[in-house]
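Worksheet for the structure shown next.
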Amino acid sequence: MPLSDVQIRSLKPRGRIYKISDANSLYLEVHPTGARLWRFKYTWYGKQKRIALGVYPEVGLAEARRRRDEARQKIYEGIDPAAERKRQKLVAKFKASNSFGDLAGEYIEMVTKEGRSEATIEKMKWLLEKLRPIANMPIADLQAVDLFAVLKKIEAQGRYETARRCRSFASRVFRYAAASGRGDSDPTTLLRAALIAPKPKHHAALLEPEELGGFLRALDGYSGYPITLLARKILPHVMARPGELRLARWAEFDFEKAVWTVPPERMKMRRPHYVPLSRQVIALLEELRPYVGGEDYVFPAFHTWKRPLSENTMNAAYRRMGYGPRDLTAHGFRATASSLLNQCG
């Protein structure tokens with residue numbers, strides 16, 4: 001005879017577990033503690049099995065019957081309800097252990113082993129921090145709208161380029177997840193036209209021969225910390241990125257062949273870069289050697305020989321010479337070289 005809510009509420013615990021049947025193999029299990037648990041029993045290829053359907057009164061009689069009917073439908077379709085539930089739990093556990101943050105960390109570790117530069121790795125970690133709102137979400141459940149909300153908050157701060165870079169980094173993580181079997185697709189592809197395009201900002205540079213000549217004359221007449229001064233004099237000659245120059249080590253310079261070899265880990269393209277050294281640069285390096293010893297960093301920091309000059313040291317020196325941030329930056333010398341060399345054909 002089917003159960004009723006009045007009958008269920010009147011059930012009292014006994015010294016051991018007992019069962020009260022409803023209909024179609026649904027029954028209630030009453031424990032000595034007073035707990036009342038819904039169970040459904042069925043036969044699967046001759047084997048007696050059962051699954052739990054919830055706890056009364058959180059799961060009422062009507063809901064228990066609905067869950068029983070769902071299980072019966074699965075059996076009719078050839079699906080074992082117990083096996084299906086176990087699979088769903090495994091999927092949920094799998095998703096929970098593969099959050100966006102977990103996969104991003106794996107991706108960063110992978111590219112670190114590939115030999116990417118320290119600056120590149122730190123930039124990725126910084127971008128991951130910006131994406132923290134989705135870091136704990138299962139990557140397989142993330143949709144374009146989830147990332148869109150995060151990127152729009154970044155845009156609201158006026159940081160359009162940061163939002164664009166976050167989308168690009170997230171795309172690489174999604175593709176890594178898909179390649180490793182823990183994701184299905186890259187939802188960021190839908191966002192390419194949904195973000196504000198940042199206006200390109202060029203590094204301040206001296207683009208006319210007269211401007212460059214005036215700067216070099218001013219530099220010759222300027223006194224200051226000799227290591228910084230010599231770094232400023234060398235930079236226009238070698239046309240390197242400031243980070244490549246300030247991280248230079250003496251072992252990279254071949255004075256006999258007049259070549260500076262920048263190792264691949266400091267290059268964006270991950271290939272060694274060969275910089276020919278003019279006689280003026282060699283003379284400046286020889287002038288520099290007595291100040292630093294010629295063993296490790298070519299341009300060490302002020303207070304320790306174990307670290308190179310900081311990123312801002314060069315630009316701060318230009319400011320003291322009277323060149324503001326809109327007039328000149330250390331990175332701008334690449335634009336200077338490109339412009340003037342192209343003008344020369």
Side-chain angles (χ1 to χ4, degrees), residues 111-123 202-203 205-207 209 211-213 215-220 222 224-302 304-315 317-318 328-345:
V111 297
T112 301
K113 292 178 180 178
E114 290 177 349
R116 300 287 183 91
S117 68
E118 182 180 342
T120 299
I121 301 304
E122 289 304 314
K123 187 69 172 180
H202 300 288
H203 295 284
L206 306 174
L207 302 180
E211 294 177 336
L212 180 61
F215 167 78
L216 294 176
R217 287 190 295 272
L219 191 57
D220 285 337
Y222 190 81
Y225 184 61
I227 295 176
T228 308
L229 179 61
L230 288 166
R232 280 179 287 163
K233 288 184 176 182
I234 291 172
L235 183 60
H237 287 271
V238 294
M239 309 174 194
R241 295 180 179 87
E244 295 162 5
L245 184 68
R246 69 184 187 84
L247 293 171
R249 297 175 184 267
W250 286 104
E252 299 166 5
F253 290 84
D254 187 331
F255 288 94
E256 291 186 4
K257 295 181 179 179
V259 173
W260 169 32
T261 303
V262 185
E265 57 267 22
R266 290 216 308 277
M267 299 301 300
K268 282 189 174 181
M269 300 303 293
R270 309 266 68 84
R271 294 196 298 265
H273 179 58
Y274 303 101
V275 181
L277 302 176
S278 65
R279 64 181 184 276
Q280 293 93 333
V281 172
I282 291 177
L284 291 169
L285 289 169
E286 294 294 355
E287 182 182 346
L288 175 65
R289 195 191 295 267
Y291 292 105
V292 299
E295 294 180 0
D296 195 9
Y297 286 112
V298 178
F299 305 102
F302 292 115
T304 176
W305 303 106
K306 296 181 180 180
R307 291 200 307 270
L309 285 173
S310 72
E311 292 186 28
N312 294 323
T313 299
M314 299 278 280
N315 286 329
Y318 296 139
L328 176 64
T329 64
H331 217 295
F333 277 107
R334 290 173 61 79
T336 299
S338 175
S339 297
L340 297 186
L341 289 173
N342 278 313
Q343 288 177 26
C344 295

Could you grab the distance from atom CZ of R289 to atom CH2 of W250, nearest 0.5 Å is fine? 5.0 Å
From CD (E286) to CZ (R279), nearest 0.5 Å: 15.5 Å
CD of E287 to NZ of K233, rounded to nearest 0.5 Å, is 6.0 Å
Pick from L288, L247, T228: which one makes a side chain to side chain contact (heavy atoms under 4.5 Å, CB included) with F299? L288
Measuring from L309:CG to Y297:OH, what's the distance to the nearest 0.5 Å? 11.0 Å
Walk me through it: do L229 and R232 pass the test side-chain contact (heavy atoms from CB on, under 4.5 Å)? CA-CA 5 Å; L229 179 61; R232 280 179 287 163; 3.7 Å; yes
Here's a test for you: under side chain to side chain contact (heavy atoms under 4.5 Å, CB included), which of L235, L284, V292, V298 qualifies with L230? L284
Would you compute the distance between atom CH2 of W260 and atom CG of L285 and round it to the nearest 0.5 angstrom? 9.5 Å
Salt-bridged, E252 to R249, with N to O below 4.0 Å? no
In Å and rounded to the nearest 0.5 Å, what is the CG to CD1 distance from L277 to I282? 5.5 Å
Please check if the side chain of R307 supplies one atom and the backbone of A301 the other of a donor-acceptor pair under 3.5 Å. no
Tell me the closest heavy-atom pair linking E256 and D254, and the distance in Å. N-OD1, 3.1 Å
Does Y225 have more than 12 heavy atoms from other residues, nucleotides or ligands lying within 6.0 Å of its OH? yes
